Amino acid sequence: MRHSRIIVTHYGGPDALQVLEEECPEPKNAEVRVRVLAAGVALPDVMAREGVHPETPPVPFTPGWDLVGVVDRLGTGVSGIEPGQTVAAMPIHGAYAEFVCLPQRELIPVPSGLDAAEAVSLILNYITAYQMLHHSAKVKPGQRVLFHGASGGVGTALLQLGRLAELEMYGTCSSRGASAVSDLGGIPIDYQHQDFVEEIHRLTSEGVDAVFDPIGGAHLWHSREALRPGGRVVGYGNTTSLRGEGLGSKGTGRRNRLHGIPIYALYIAGGWLFPGRKRIVPYSIQTLKRMRPALFRQDLIALFDLLQQHKIKPLVAERFPLAEARRAQELLGKGGVIGKIVLVGNGSTLASGAA
Ligand SMILES: NC(=O)c1ccc[n+]([C@@H]2O[C@H](COP(=O)([O-])OP(=O)(O)OC[C@H]3O[C@@H](n4cnc5c(N)ncnc54)[C@H](OP(=O)(O)O)[C@@H]3O)[C@@H](O)[C@H]2O)c1
């Protein structure tokens with residue numbers, strides 16, 4: 001049997017994405033072959049394509065952090081899982097494919113009745129949001145928070161989970177995202193036309209308890225200025241490496257996994273050294289998953305539960321067939337996307353889960 005997958009042929013723009021047709025992979029010992037129903041498209045995929053994400057593999061590679069799919073074939077030594085079950089996984093790369101083989105321990109059952117595109121949105125974006133709120137910032141009801149990139153994939157997840165946690169929320173976004181931010185209970189701040197530090201101090205006087213910053217670089221220090229004493233910035237990205245000047249990449253065409261890391265470390269150290277009791281702490285979903293896989297599993301199960309109870313509703317911005325991965329990444333790279341872009345496989349609209 002043959003299948004398709006997307007490969008990144010070189011580090012660079014969207015033209016680096018090609019569709020490859022090949023024999024379907026066979027599961028090895030302890031592996032399970034999964035037919036992908038939905039794969040998330042996220043800025044970390046775009047950054048890996050450009051060669052500037054810490055998780056960038058050598059080329060050629062198949063991108064795709066997260067997936068929801070159906071168990072299709074079991075390798076030797078696999079038990080306790082049946083073909084036809086719906087599962088989720090975060091392989092970090094490899095999800096832009098019709099079929100993928102993964103170690104059984106990586107698979108997490110998906111409850112029945114969920115839409116595959118909504119379910120996949122929970123893996124990278126909502127776990128990131130959930131763990132930053134509850135493990136990194138340890139938010140409490142009534143606290144004030146500022147989310148940057150509030151209308152994006154992680155940003156809308158932060159707003160939905162922040163509302164459940166009864167937070168007072170402010171969110172930076174461009175004017176295109178303002179209504180989405182208000183609809184989710186946040187007060188929008190137009191980062192293109194307003195100084196968010198001035199705005200936060202005007203609206204709250206003493207500042208916020210926590211800022212969640214995916215922009216990175218000098219922006220982290222600016223975020224620190226929006227804190228009240230004792231507050232913290234959770235730094236979780238380096239969007240600035242793609243969007244510092246317009247929306248173009250500053251990539252060099254080479255793999256540079258340390259891109260932006262030294263300056264990051266400098267700002268974290270500065271947070272400890274400068275007076276004001278305002279810390280900058282980093283968050284990385286892949287690091288926490290590697291160190292505490294049981295916590296990752298537990299948090300994803302908690303999120304599936306919230307989705308089943310209709311307490312959260314991921315915003316799926318657009319669904320593309322796998323073969324249109326390039327168009328999907330181009331759209332994300334242009335900016336202005338509200339919520340999550342998802343690549344869908346055959347039968348995903350019927351994906352009701354069978355776990
Ligand atoms: N550390 C981790 O574990 C982890 C996990 C997941 C994601 N991330 C990081 O999180 C970031 C966001 O990912 P995503 O998939 O949510 O991307 P996304 O859906 O494209 O959202 C990014 C948002 O940022 C906004 N934005 C761009 N520049 C901004 C600025 N200077 N100030 C405020 N907002 C700005 C964009 O708004 P406009 O388009 O309207 O300009 C967009 O809504 C990426 O850097 C990614 O690497 C980190």
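As the structure is a prediction and not an experimental result, all values here were calculated from the model. We count ligands from 1, going down the list as the structure has it; atoms in each ligand are counted the same way.
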Report the part of [X] in contact with ligand 1, treating N, CA, C, O as backbone and CB onward as side chain, heavy atoms under 4.0 Å; options are side chain, backbone, both, neither.
{"X": "K340", "answer": "neither"}
{"X": "I215", "answer": "side chain"}
{"X": "L124", "answer": "side chain"}

Mark up the atoms of ligand 1 that fall under 4.0 Å of a heavy atom belonging to [X], in ascending order.
{"X": "G152", "result": "19 (O), 21 (O), 43 (O)"}
{"X": "S284", "result": "1 (N), 3 (O)"}
{"X": "M47", "result": "47 (O)"}
{"X": "G335", "result": "39 (O)"}
{"X": "P214", "result": "10 (O), 11 (C), 45 (O)"}
{"X": "S174", "result": "38 (P), 40 (O), 41 (O)"}
{"X": "L332", "result": "20 (O)"}
{"X": "S151", "result": "43 (O)"}

Considering only heavy atoms, which of [options] lies nearest to [atom]?
{"atom": "atom 26 (N) of ligand 1", "options": "Y191, F147, W65", "answer": "Y191"}
{"atom": "atom 9 (C) of ligand 1", "options": "Y236, F196, Y283", "answer": "Y236"}
{"atom": "atom 33 (C) of ligand 1", "options": "T172, I127, I285, T287", "answer": "T172"}

What's the verdict on ring-ring contact (aromatic ring centres under 6.0 Å, His included) for H222 and F196, showing C-alpha distance, side-chain angles and the deciding distance? CA-CA 9 Å; H222 213 36; F196 71 85; 5.0 Å; yes

Does a salt bridge link R73 with E26, judged by any charged N lying under 4.0 Å from a carboxylate O?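 Salt bridge between R73 and E26, a charged N being under 4.0 Å from a carboxylate O: yes.
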
Report yes if A42 has an N/O atom closer than 3.5 Å to an N/O atom of ligand 1; otherwise report no.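 No: no nitrogen or oxygen of A42 is under 3.5 Å from one in ligand 1.
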
Checking the N or O distance criterion of under 3.5 Å, is ligand 1 in contact with V337?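 Among all N and O atoms of V337, none is under 3.5 Å from an N or O of ligand 1.
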
Distance, nearest 0.5 Å, that separates [atom1] of [X] from [atom2] of [Y]:
{"X": "L307", "Y": "Q309", "atom1": "CG", "atom2": "CD", "result": "10.0 Å"}
{"X": "Q298", "Y": "L300", "atom1": "CD", "atom2": "CG", "result": "11.0 Å"}
{"X": "L303", "Y": "L161", "atom1": "CG", "atom2": "CG", "result": "6.0 Å"}
{"X": "L67", "Y": "I123", "atom1": "CG", "atom2": "CD1", "result": "6.0 Å"}

Is it true that L331 and L43 fall in one hydrophobic cluster, defined by side-chain heavy atoms closer than 4.5 Å?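 Same cluster: L331 reaches L43 through Ile, Leu, Val, Met, Phe, Trp or Tyr contacts under 4.5 Å.
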
Would you call the rings of Y11 and F61 parallel, tilted or perpendicular, taking 30° and 60° as the class edges?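 Correct class here is tilted.
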
Can you tell me if M291 has over 12 outside heavy atoms packed within less than 6.0 Å of its CE?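 Check fails, neighbour count at 12 or below.
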
More than 12 heavy atoms of other residues, nucleotides or ligands under 6.0 Å from CZ of R326: yes or no?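 Yes.
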
Is the closest heavy-atom distance from P44 to ligand 1 below 4.0 Å?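 Within the 4.0 Å threshold, so yes.
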
Using non-hydrogen atoms of the residue, decide whether G336 is closer than 4.0 angstrom to ligand 1.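 Judged by the 4.0 Å heavy-atom criterion, G336 does count as contacting ligand 1.
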
Pick from E21, E98, E22: which one makes a salt bridge (Lys or Arg N to Asp or Glu O under 4.0 Å) with R5?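 Considering E21, E98, E22, a salt bridge (Lys or Arg N to Asp or Glu O under 4.0 Å) with R5 is found only for E22.
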
